[in-house]
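The structure appears below as structure tokens.
Quick note: residue numbers are just sequence positions, from 1.
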Amino acid sequence: MTNSTTTECPQCKNTELGLGKQGGYANVHPANKLSIGAEVEHKICTNCGLIIESHVKNPQKFKNTL
């Protein structure tokens with residue numbers, strides 16, 4: 001995950017955050033390239049479940065897609 005400074009949930013103010021990964025059929029795929037896609041990682045509040053941030057694990061797969 002990128003270097004984020006988020007340390008508190010904006011919804012419930014909990015400071016215990018976790019990292020989850022979304023893979024399999026939920027991968028993100030470049031719009032105009034053949035690719036197996038990239039997993040998505042989420043920073044999640046362990047108290048209320050809010051997804052605070054989401055990032056693709058391999059952003060270089062999306063270069064030159066616009």
Validation row: E39, N27 side chains within 4.5 angstrom (heavy atoms) =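 Side chain of E39 against side chain of N27, heavy atoms only: contact under 4.5 Å found.
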
query = Hey, are the side chains of N14 and E8 touching, using non-hydrogen atoms and a 4.5 Å cut-off?
reply =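 No, their side chains stay 4.5 Å or more apart.
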
ask   = In Å and rounded to the nearest 0.5 Å, what is the CD to SG distance from Q11 to C48?
value =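 So the CD of Q11 and the SG of C48 are separated by 4.0 Å.
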
inquiry  = If I take atom CG from residue N58 and atom CD1 from residue I36, how far apart are they, to the nearest 0.5 angstrom?
reply    =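 Between N58 CG and I36 CD1, I get 8.5 Å after rounding to 0.5 Å.
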
ask   = Can any side-chain N or O of K43 pair as donor or acceptor with the backbone N or O of G18 at less than 3.5 Å?
value =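 Side chain of K43 to backbone of G18, a donor-acceptor pair under 3.5 Å: no, none is there.
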
message = Can a donor-acceptor pair be found, under 3.5 Å and without considering hydrogens, that links the side chain of K33 to the backbone of K63?
response =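 Yes, the answer is positive, given that a donor and an acceptor are paired below the 3.5 Å cut-off.
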
Identify the two heavy atoms, one from [X] and one from [Y], that lie closest to each other, and give their separation to 0.1 Å.
X	Y	result
S35	K61	OG-CD, 3.9 Å
A38	V56	CB-CB, 4.3 Å
G49	I44	O-CG2, 3.9 Å
I52	C9	CD1-CA, 3.9 Å

key: Atom CG of N32 with >12 non-hydrogen neighbours under 6.0 angstrom   =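 Correct, the count exceeds 12.
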
inquiry  = Does Q60 have more than 12 heavy atoms from other residues, nucleotides or ligands lying within 6.0 Å of its CD?
reply    =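 Yes - once you tally the heavy atoms of other residues, nucleotides and ligands closer than 6.0 Å, there are more than 12.
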
ask   = What do the steps show when you test H42 against S54 for side-chain hydrogen bond (donor to acceptor under 3.5 Å, both in side chains), and what is the final call?
value = CA-CA 4 Å; H42 304 285; S54 297; 2.7 Å; yes

query = If you group Ile, Leu, Val, Met, Phe, Trp and Tyr by side-chain heavy-atom gaps below 4.5 Å, do L17 and L50 land in one group?
reply =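 Cluster IDs for L17 and L50 match.
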
ask   = Are V40 and F62 joined in one hydrophobic group, where the rule is that I, L, V, M, F, W and Y side chains link up if heavy atoms are under 4.5 Å apart?
value =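 Same hydrophobic cluster.
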
request  = Give the intermediate values and the outcome of salt bridge (charged side-chain N to carboxylate O under 4.0 Å, His left out) for residues K21 and E41.
outcome  = CA-CA 4 Å; K21 120 179 142 168; E41 293 181 328; over 6 Å; no

